Amino acid sequence: MSESKPLYIYNSLSGKKEVFEAINPPFVGLYSCGPTVYSDVHLGNVRTFLTFDIVYRYLSYLGYNVRYVRNITDVGHLLDDSDDGDDKIETRARLEKIEPMEIVQKYTNGFHDTVKTFNLIPPSIEPTATGHIIEQIEMVERILANGYAYEVNGSVYFDVKKYAEKYNYGELSGRKIEDQLEQTRDSLEGGNEKRFFADFAIWKKASKETIMKWPSPWGDGVPGWHLECSVMSTKYLGQQFDIHGGGMDLKFPHHECEIAQSVGADGVNPVKYWMHGNMLTVNGTKMSKSLGNSFLPHELISGDHELLDKGYSPMTIRFFFLQANYRSTVDFSNEALQAAEKGFKRLMNAIELLQNLPKSDKSSIDINKLIQNSNQSMNDDFNTPVTIAYLFDGVKMINSINDGKEEISEADLTVLQKFYNDFVFNILGLQSETSDSKSNNVLENVMDVVLKLRSQAKENKDWSTADLIRDELKSLNITIKDSKDTSTWDYE
RNA sequence: GGUUCCGUGGCCGAGUGGCUAGGCAGUGCUCUGCAAAAGCAUCUACAUCAGUUCGAAUCUGAUCGGAACCUCCA
């Protein structure tokens with residue numbers, strides 16, 4: 001199984017696919033921006049986390065020792081950059097009349113449940129912003145010491161103009177400060193503390209009412225929006241690490257600011273490969289909390305949502321996402337989900353067949369090509385839709401072998417079984433869902449009896465009894481599948 | 001207004017300068033007491049207009065349409 005081509009990653013920094021070369025092989029540092037835990041994560045969030053789950057899984061499969069860091073933002077980003085900026089978590093806490101940390105705990109728990117439902121592997125480290133206040137203050141101090149920040153009134157702002165004299169502010173997002181200047185000048189009026197419109201807070205003075213605040217050299221306050229990721233990524237992965245991921249919407253300003261902060265503090269560009277996952281859309285517009293068009297995972301699973309005809313299982317949803325490239329938007333629709341549901345079922349059925357395929361002396365099919373293609377598509381910037389297409393080619397092979405139209409040798413079968421196990425379960429992270437509902441041994445045994453009775457009825461040409469059993473089971477959401485001489489069943 | 005990206009068959013979605021993924025739906029067939037399920041086969045495409053080229057859906061330009069970011073958001 002030789003990989004003729006190395007892994008390529010689309011680097012947002014260069015806008016090109018680049019050969020992936022780890023900074024310190026076999027180790028790889030992977031950082032992904034996690035959720036702000038002030039409300040439930042929605043499906044769009046899940047998609048991004050899934051993207052980096054695939055990255056994590058595939059790099060691990062390739063033999064890298066990956067340290068995966070995904071943060072929890074538990075001090076709310078300021079609602080806006082004005083002086084009366086408020087904190088999302090605190091706002092929510094007031095709304096729900098509970099402690100801010102209770103909010104944090106509640107939605108962190110919810111996030112963990114969700115992520116588990118979709119079979120995402122937990123990160124190696126899941127640091128919280130509040131757990132790294134000291135480091136954040138230290139970073140502010142370093143930036144100040146280097147002259148790339150200034151203090152006003154207990155708040156500290158990053159000096160973008162100064163930074164831009166020496167470095168390229170906008171290298172990631174492709175933005176030029178001059179381009180934005182004209183548009184924003186109007187909104188600069190009023191008592192803004194910032195010297196320059198593009199400056200951003202790295203430490204923000206807290207008002208008297210603020211509950212969550214920390215002492216600092218500049219008085220009580222809270223860390224700025226972008227600081228935590230800079231601090232936690234470099235703390236656990238080093239001043240320069242391999243991959244930083246996040247949603248497309250974080251590219252600017254969040255990630256741009258992260259670069260500026262790290263360079264401003266330590267003079268080092270922190271990230272070698274930036275990866276950005278694209279958005280999940282509904283009717284063509286981005287799914288987002290503020291637009292009110294978001295789906296909560298449990299709504300999708302239960303089907304309890306006005307835009308849904310029915311519910312879809314977590315693995316169906318996972319499969320649905322993986323059928324699109326992570327760099328493309330995915331539009332959400334019932335039809336697409338239904339297609340994914342059936343396709344996923346077809347794939348899983350074939351994998352079940354694969355376990356007991358008839359063996360022959362030699363193979364009439366070329367599984368090496370299949371395996372090589374699959375590896376190569378994953379190496380091509382984690383191209384899961386193409387990989388899945390190859391997996392379906394394999395499905396066709398498996399079914400043909402099962403029908404006796406093609407043959408496979410014992411050695412090849414072992415290889416093929418391992419291949420599907422690796423790709424479907426380990427890399428794509430899918431898991432069988434039927435086995436869950438069949439895990440009930442009692443039900444399984446009872447069904448065996450029922451099917452036996454029905455077979456007997458069929459042998460006696462007692463069609464009415466046979467059909468009665470079939471219809472009654474149907475109303476219990478159990479589908480009987482008749483084949484030549486055996487019957488199987490499936491739970492809907 | 002600025003920046004970036006996209007426009008593929010009934011639907012979802014890959015990809016490439018010539019050999020036209022894959023899934024779903026449709027159609028035909030096989031299996032079958034019937035049905036379902038399952039399997040096999042098969043059809044329809046590259047927004048519009050111009051240009052480059054022996055050849056473009058793939059490159060260039062224009063037009064139309066859509067999206068994201070520029071303000072918290074994965």
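Please read all numbers here as calculations on a predicted model, not as lab measurements. Just so we're on the same page: letters track the sequence lines, and every chain starts at 1.
Rounded to the nearest Å, the gap between the P atom of B:C59 and that of B:C46 is 16 Å. Taking the C1' atoms as reference points, B:G10 lies 12 Å from B:A45, given to the whole Å. Nucleotides B:A50 and B:C40, compared at atom P, are 44 Å apart to the nearest Å. Spacing between B:C6 and B:U60 at atom P, rounded to whole Å, works out to 11 Å. One C1' atom belongs to B:G2, the other to B:C12, and the distance between them is 33 Å to the nearest Å. On the P atoms, B:G22 is 10 Å away from B:U42, given to the nearest whole Å.
In this structure, A:Lys458 places its NZ atom 8 Å from C1' of B:U32, rounding to the nearest Å. Going from atom CG of A:Asp393 over to atom C1' of B:G23 covers 12 Å, rounded to whole Å. In this entry the distance linking NZ of A:Lys251 with P of B:U4 reads 10 Å, nearest Å. Regarding A:Leu468, its CG atom lies at a distance of 20 Å from the P atom of B:G33, rounded to whole Å. A:Gln323 places its CD atom 14 Å from the C1' atom of B:A25, with the value rounded to the nearest Å. A:Glu341 places its CD atom 15 Å from the C1' atom of B:C11, with the value rounded to the nearest Å. B:A14 atom P lies 11 Å from atom NZ of A:Lys17, rounded to whole Å. Taking atom CH2 of residue A:Trp274 and atom P of nucleotide B:C69, one finds them 18 Å apart after rounding to whole Å.
Looking only at side-chain heavy atoms (C-beta outward), A:Cys33 and A:His244 come within less than 4.5 Å of each other. Taking the side chain as every heavy atom from C-beta outward, A:Lys458 and A:Asp462 never approach each other to under 4.5 Å.
Positionally, the nearest nucleotide of RNA chain B for A:Phe320 lies more toward the 5' end than for the other of A:Ile388 and A:Phe320. Each of A:Gln338 and A:Leu291 has a nearest nucleotide on RNA chain B; the 5'-most of these lies closest to A:Gln338.
Within 4.0 Å (heavy atoms only), A:Val41 reaches no atom of the nucleic acid at all. Here A:Ser32 lies out of heavy-atom contact (under 4.0 Å) with every strand. The residue A:Gly170 sits apart from the nucleic acid: no heavy atom pair falls under 4.0 Å. A:Gly277 comes within 4.0 angstrom of no nucleic acid atom, judged by non-hydrogen atoms across all strands. Contacts of A:Ala336 with the nucleic acid, taken as non-hydrogen atoms under 4.0 Å apart, involve only primed sugar atoms and P, OP1 or OP2. Note on A:His42: a base of the nucleic acid sits closer than 4.0 angstrom, heavy atoms only. Residue-level contact check: A:Met248 touches neither bases nor backbone, having no heavy atom under 4.0 Å from any strand. Counting non-hydrogen atoms under 4.0 angstrom, A:Thr51 reaches nothing in the nucleic acid. Using a 4.0 Å heavy-atom distance criterion, A:Asn278 is classed as a base contact. Using a 4.0 Å heavy-atom distance criterion, A:Leu280 is classed as a base contact.
Shown are A:Leu280, A:Asn278, A:Asn325; of these, the side chain to side chain contact (heavy atoms under 4.5 Å, CB included) with A:Val330 is made only by A:Leu280. Across A:Val104, A:Ile211, A:Thr130, a single residue satisfies side chain to side chain contact (heavy atoms under 4.5 Å, CB included) together with A:Ile89, and that is A:Val104.
The pairing partner recorded for B:C24 is B:G10, the criterion being a Watson-Crick or G-U wobble arrangement whose two distances lie under 3.5 angstrom. Summarising the base pairing, B:C69 is matched to B:G2 through a Watson-Crick or G-U wobble pair whose two defining distances lie under 3.5 Å. Of the nucleotides present, B:G51 is the one that pairs with B:C59 by Watson-Crick or G-U wobble criteria, both distances under 3.5 Å. When both pairing distances are held under 3.5 Å, B:G33 makes no Watson-Crick or G-U pair with any nucleotide shown. Pair check for B:G17 finds none; no Watson-Crick or G-U wobble contact set falls under 3.5 Å.
Aromatic rings from A:Phe200 and A:His226 are positioned such that their centres are separated by under 6.0 Å. In this structure, A:Tyr312 has its ring center no closer than 6.0 Å to that of A:Phe344.
Side-chain atoms of A:Asp482 come within donor-acceptor range of the base of B:A35, with a qualifying N/O pair under 3.5 Å. No hydrogens or angles were tested; on distance alone, a donor-acceptor pair under 3.5 Å links the side chain of A:Arg470 to the base of B:A35. Scanning atom types as modelled, no donor and acceptor separated by under 3.5 angstrom connect the side chain of A:Arg327 and the base of B:C6. Applying the 3.5 Å distance criterion, the base of B:G33 shares a donor-acceptor pair with the side chain of A:Asp467.
For B:G13, the OP1/OP2 oxygens have no side-chain nitrogen or oxygen of A:Asn325 closer than 4.0 Å. Within the 4.0 Å cut-off from OP1 or OP2 of B:C40, not a single side-chain nitrogen or oxygen of A:Lys396 is found. Residue A:Lys286 has a polar side-chain atom (N or O) positioned under 4.0 Å from OP1 or OP2 of B:C69. Residue A:Arg346 places at least one side-chain N or O closer than 4.0 Å to OP1 or OP2 of B:G23. In terms of phosphate contacts, A:Ser328 brings a side-chain nitrogen or oxygen within less than 4.0 Å of OP1 or OP2 of B:A14.
Closest approach of A:Phe423 to A:Asn375, counting heavy atoms only: CZ-OD1, 3.6 Å. For the pair A:Met212 and A:Thr210, the tightest heavy-atom approach, listed with the atom from each and the gap, is O-CG2, 3.4 Å. Taking each heavy atom of A:Ala129 and A:Val75 in turn, the nearest pair found is CB-CG1, 3.7 Å.
Distance from the side chain of A:Phe252 is smallest to B:C69 among B:C34, B:A21, B:C69. Among the nucleotides B:G13, B:G23, B:C69, the one closest to the side chain of A:Val330 is B:G13. For A:Asn45, taking side-chain heavy atoms from C-beta onward, the closest of the listed nucleotides B:A74, B:A21, B:G39 is B:A74. Of all nucleotides listed (B:C12, B:C24, B:G33), B:G33 comes nearest to the side chain of A:Arg454. Checking B:G22, B:A74, B:C40 against every side-chain atom of A:Phe392, the shortest atom distance belongs to B:G22. Residue A:Pro253 places its side chain closer to B:C70 than to any other of B:A74, B:C70, B:A36. In the set B:A21, B:A74, B:A68, the nucleotide with an atom closest to the side chain of A:Ala389 is B:A21.
A:Trp463 qualifies as a stacking partner of the B:G33 base, centre to centre under 5.5 Å and near-parallel within 30°.
For the residue pair A:Glu228 and A:Thr73, a side-chain donor N or O sits within less than 3.5 Å of a side-chain acceptor on the partner.
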